[in-house]
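What you see is a predicted model, and the numbers here were worked out from it, not measured in a lab.
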Amino acid sequence: MIDKGTFMMDAGMRLFESEKPYGIVLGGIKNEMAGFGKVLRTTEFSEEDIPELSKGCDLFMDRSTRYKSKYISCSLEDAGTVGRTADGEEIHRYAALVKEGNKNTNVGVYVHLSLIIIWAMLGWFISDANAWVTLAFAAVGVLGAWFQLRPSKDNARVARNLLKALNDAK
């Protein structure tokens, strides 16, 4: 299930040229994205099922886990022709706009908040009610939860890799 409340941010845009038609280029981008998660074309999802800022995209990738909702969307636009090849085929310029977003799921938030409580209780029981030890254990729990609940850098890395692949595309 796609979380429609996920905020999608602009991850970048690439202009590239290819003599291939729009459908072949879109299929190539879908192939590139498929290595990172489940990719859906516009015919496979409804506009109401995806986050608001991704509406109008051509491809939508779901990389979600139990603890975090992670999405990447791609819109491909034909920016016209820029010339012809030696064989007489038109060379098209395409613009690919990539957006990425991630959000903690309720399960992830509850699990990590529970871990803070467990670490604090562990410190309480180990130290025989010594407040400093309990606070130190609670701080370890808070630090661990912060590392898990912060935005996913992995999703941004995947978006960068996708844009790099589009930049190198022919």
Side-chain angles (χ1 to χ4, degrees), residues 1-109 111-112 142-170:
M1 169 108 179
I2 297 172
D3 184 0
K4 294 187 286 188
T6 304
F7 183 74
M8 301 293 285
M9 297 187 327
D10 184 19
M13 183 195 71
R14 287 295 181 269
L15 286 172
F16 59 97
E17 297 173 1
S18 176
E19 55 273 347
K20 297 176 181 129
Y22 181 87
I24 301 293
V25 171
L26 189 63
I29 294 173
K30 182 179 179 186
N31 259 357
E32 190 69 38
M33 291 174 77
F36 300 108
K38 180 182 177 187
V39 183
L40 304 171
R41 283 186 178 231
T42 53
T43 57
E44 299 170 332
F45 63 85
S46 171
E47 289 282 322
E48 292 82 36
D49 295 339
I50 62 174
E52 183 71 31
L53 294 173
S54 287
K55 294 191 180 198
C57 68
D58 297 309
L59 299 170
F60 188 81
M61 180 170 47
D62 185 359
R63 308 183 57 243
S64 299
T65 64
R66 181 174 293 146
Y67 304 111
K68 201 174 285 281
S69 300
K70 299 188 281 187
Y71 308 118
I72 295 178
S73 66
C74 180
S75 299
L76 182 66
E77 299 290 330
D78 189 348
T81 58
V82 292
R84 294 190 174 275
T85 64
D87 298 333
E89 294 181 43
E90 289 185 335
I91 300 174
H92 296 274
R93 176 175 283 164
Y94 295 102
L97 174 67
V98 177
K99 293 182 181 180
E100 68 94 10
N102 59 72
K103 179 180 178 184
N104 293 305
T105 63
N106 289 339
V107 172
V109 171
V111 165
H112 293 98
V142 167
L143 187 63
W146 179 77
F147 275 115
Q148 295 301 317
L149 294 175
R150 67 183 176 176
S152 173
K153 291 182 181 178
D154 176 55
N155 211 36
R157 180 188 52 80
V158 169
R160 272 194 316 272
N161 287 346
L162 177 62
L163 288 170
K164 185 179 180 306
L166 291 175
N167 204 35
D168 299 338
K170 293 285 180 194

Under a 3.5 Å distance rule, please check whether [X] uses its side chain to pair with a backbone N or O of [Y] as donor and acceptor.
X: D58; Y: L76; answer: yes
X: E47; Y: G56; answer: yes
X: Y71; Y: D3; answer: yes
X: T105; Y: R66; answer: yes
X: S69; Y: N102; answer: no
X: N155; Y: I72; answer: no
X: Y67; Y: H112; answer: no

Subject >> Nearest heavy-atom neighbours spanning C74 and A96 >> reply: SG-CB, 4.3 Å
Original post:
Which heavy atom of E17 sits nearest a heavy atom of R93, and at what distance?
Top reply: OE2-NH2, 3.0 Å
Show every donor-acceptor pair shorter than 3.5 Å between a side-chain atom in residues 27-45 and any protein atom, with sequence neighbours excluded, or say none if there are none.
from	atom 1	to	atom 2	distance (Å)
E44	OE1	R41	N	2.8

Subject >> side-chain contact (heavy atoms from CB on, under 4.5 Å) between F60 and D49, intermediate numbers included >> reply: CA-CA 11 Å; F60 188 81; D49 295 339; over 6 Å; no
How would you list, by chain and number, every residue that makes a side-chain hydrogen bond (donor to acceptor under 3.5 Å, both in side chains) with [X], sequence neighbours excluded?
X: S152; answer: none
X: K99; answer: none
X: R157; answer: D154
X: S54; answer: S73

Original post:
Does atom CG of L143 have more than 12 heavy-atom neighbours, drawn from other residues, nucleotides or ligands, at distances under 6.0 Å?
Top reply: yes
Original post:
More than 12 heavy atoms of other residues, nucleotides or ligands under 6.0 Å from NZ of K55: is that the case?
Top reply: yes
Subject >> salt bridge (charged side-chain N to carboxylate O under 4.0 Å, His left out) pairs, two or more places apart, involving residues 75-88 >> reply: R84-E90
